[in-house]
Structure formats: structure tokens, C-alpha cells
Amino acid sequence: AQKITQTQPGMFVQEKEAVTLDCTYDTSDPSYGLFWYKQPSSGEMIFLIYQGSYDQQNATEGRYSLNFQKARKSANLVISASQLGDSAMYFCAMRGREDSSYKLIFGSGTRLLVRP
Amino acid sequence: GAGVSQSPRYKVAKRGQDVALRCDPISGHVSLFWYQQALGQGPEFLTYFQNEAQLDKSGLPSDRFFAERPEGSVSTLKIQRTQQEDSAVYLCASSLRQGNYEQYFGPGTRLTVT
């Protein structure tokens with residue numbers, strides 16, 4: 001069975017500093033994708049970044065980068081130059097092919113608060 | 001173009017009432033997913049459609065939950081005889097095709113059962 005673990009319920013970061021949000025995963029599927037979503041207080045899930053299990057390089061999208069360590073089964077999100085608008089819940093998710101629906105399996109999330 | 005829309009945004013139901021939650025996916029998106037998000041938790045999968053076919057309903061918590069997508073576009077999640085434990089945010093997501101494609105989420109419907 002697939003599982004995502006986020007061990008940090010809450011994190012603080014000073015504005016303009018970088019922060020790392022942890023995510024570990026478990027799967028027996030050799031082909032899978034890892035995602036990070038941001039959920040502001042308004043409730044919508046906003047896609048941030050994607051990493052495929054066969055991708056050789058770590059994914060980057062603007063201020064977001066994914067530190068993918070396949071052997072350790074970790075996919076940490078790094079946010080550089082934090083902004084006040086980054087305060088939100090962040091969810092790590094996985095999608096594999098163990099079943100045909102390609103559903104997302106989410107972790108429990110990390111609440112990030114950016115201090116001015 | 002327009003994103004995924006859901007209605008109503010908020011629903012209060014008395015225990016035992018039936019509710020219907022609507023999802024309008026992005027036009028042309030083949031795949032549609034429903035997730036349930038309890039307070040303080042990550043979303044959990046409920047069911048999946050490819051066009052009008054419901055291919056996976058393994059996440060539906062009981063037979064009180066029913067979903068349909070009769071014409072392969074709009075989907076409705078129906079909960080019969082609501083219980084307090086059904087209180088949650090119900091998220092709908094769509095993706096262009098089946099497979100490893102990004103899922104676009106709607107704003108969710110917050111259901112409160114009193």
C-alpha cells in the first residue's frame with residue numbers, strides 16, 4: 001500500500017528566508033509521481049510542483065524546488081525567499097499505478113506560517 | 001478558461017437529511033475525482049470517473065454515498081441520511097486524461113451536519 005508521511009504539523013519561517021518541508025513516502029510501485037500542493041485558508045488546493053520517479057533531476061518551479069532522494073524515499077519541498085503569502089497548509093501527495101485510477105494519496109499536511 | 005467549480009460552497013444539513021454536491025470539471029477533462037477532507041487532515045480519495053464510467057469507488061465510506069457523472073462532464077456526489085461524521089470538505093478534481101496528469105482542484109464544498 002502507498003503511504004505519505006509528513007512529520008511536521010507546523011513550521012515557522014522568517015520572511016525572505018528559505019524553509020524545507022519534509023515528506024517521506026512508501027510504495028512498492030516502481031513508477032510513481034510525487035506532488036506538492038498548497039492549501040490557503042480559502043480552501044482550494046493549488047498545485048506547486050511534480051517529481052516523477054524516473055526523473056534524473058530534482059524538479060524546480062520558481063521559488064519551489066523538490067529535494068528528491070529516491071533511496072531514502074523522501075521528497076522534501078524547499079521554498080526559497082519566503083513571502084507572507086506563502087502562509088498556508090502544504091500537502092505532499094503521491095500517485096502510483098498500483099491501481100488504475102491514478103488517485104492521489106495525501107499526507108496529513110504541514111502548516112507554514114511566515115513571520116514578517 | 002474556467003477552473004473546476006463546485007456548488008454549493010457551504011452546506012448545513014440536519015442529521016438524517018440527504019445532500020447533493022455538484023462538481024463542474026474543466027471542459028474537456030476526462031478524469032474526475034472526489035476527495036473528502038476532514039478538519040486538520042489531508043484529502044482522502046472517494047471515487048474516480050473516466051468520462052461517465054465510475055472506475056473506482058473504493059474510497060466511498062458507506063453505501064450512503066453515491067456519485068454519478070451521467071454525461072461525462074458534471075458530477076454529483078450524493079450523501080443519504082447524513083451523519084455527523086460526514087462533516088468535512090468535499091473536493092472535486094479533474095485531469096485532462098487518465099494517467100500521470102496534474103489534477104486541478106475545485107474550491108470544495110464544506111458540509112456541516114448538525
Side-chain angles (χ1 to χ4, degrees), chain A residues 1-10 21-25 27 29-55 59 61 64 88-111, chain B residues 2-11 23 26 29-51 53-60 67 69 88-112:
Chain A
Q2 298 176 334
K3 186 178 179 181
I4 292 284
T5 302
Q6 294 180 257
T7 57
Q8 305 156 313
L21 306 183
D22 295 342
C23 172
T24 58
Y25 61 91
T27 182
D29 194 334
S31 177
Y32 52 90
L34 295 159
F35 302 77
W36 278 91
Y37 282 85
K38 172 183 178 182
Q39 188 176 44
S41 55
S42 52
E44 75 273 27
M45 299 286 282
I46 302 168
F47 167 76
L48 295 178
I49 196 166
Y50 165 79
Q51 179 86 41
S53 58
Y54 293 120
D55 293 344
E61 288 286 347
Y64 304 107
M89 284 290 291
Y90 288 82
F91 291 96
C92 180
M94 154 184 282
R95 182 167 64 206
R97 289 190 305 186
E98 288 185 353
D99 59 68
S100 60
S101 71
Y102 292 90
K103 60 179 176 278
L104 290 171
I105 307 296
F106 286 86
S108 56
T110 296
R111 182 172 297 280
Chain B
V4 178
S5 61
Q6 293 185 246
S7 61
R9 289 295 313 278
Y10 303 91
K11 177 71 179 177
C23 172
I26 294 173
H29 277 200
V30 166
S31 297
L32 186 145
F33 301 80
W34 282 99
Y35 295 87
Q36 180 191 58
Q37 186 175 19
L39 189 64
Q41 301 295 317
E44 292 191 356
F45 170 78
L46 293 176
T47 187
Y48 161 69
F49 290 86
Q50 184 180 342
N51 295 306
Q54 188 175 20
L55 298 185
D56 187 346
K57 52 182 181 179
S58 61
L60 295 176
R69 193 187 185 197
V89 175
Y90 291 85
L91 294 165
C92 176
S94 70
S95 66
L96 186 58
R97 286 188 284 275
Q98 183 188 25
N100 224 11
Y101 292 92
E102 178 187 340
Q103 291 183 22
Y104 296 85
F105 282 80
T109 294
R110 181 178 296 278
L111 173 65
T112 304

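Letters go in sequence order (proteins before strands), and every chain restarts at 1.
Heavy atoms of other residues, nucleotides or ligands lying less than 6.0 angstrom from CD of Gln8(A) number more than 12.
Remark: side-chain polar atoms of Tyr35(B) are paired, donor with acceptor, to backbone N or O of Leu104(A) under 3.5 angstrom.
Residue with the most contacts toward chain A among Gly108(B), Pro43(B), Pro107(B), Gly42(B): Pro43(B) (heavy-atom pairs, distance under 4.5 Å).
Heavy atoms closer than 4.5 Å to chain B are found nowhere in Gln6(A), neither backbone nor side chain. Residue contact with chain A, scored on non-hydrogen atoms closer than 4.5 Å, involves the side chain of Arg9(B) exclusively. At a 4.5 Å heavy-atom cutoff, Gln50(B) makes no contact with chain A through either its backbone or its side chain.
Heavy atoms only, all atoms of each residue included: Phe105(B) and Phe106(A) are closest at CZ-CZ, 3.7 Å. Shown here for Phe33(B) and Lys103(A), the closest heavy-atom pair between the two residues is CE2-CA, 3.8 Å. What you find for Gln103(B) and Arg95(A) is that their closest heavy atoms are NE2-NH1, 3.2 Å.
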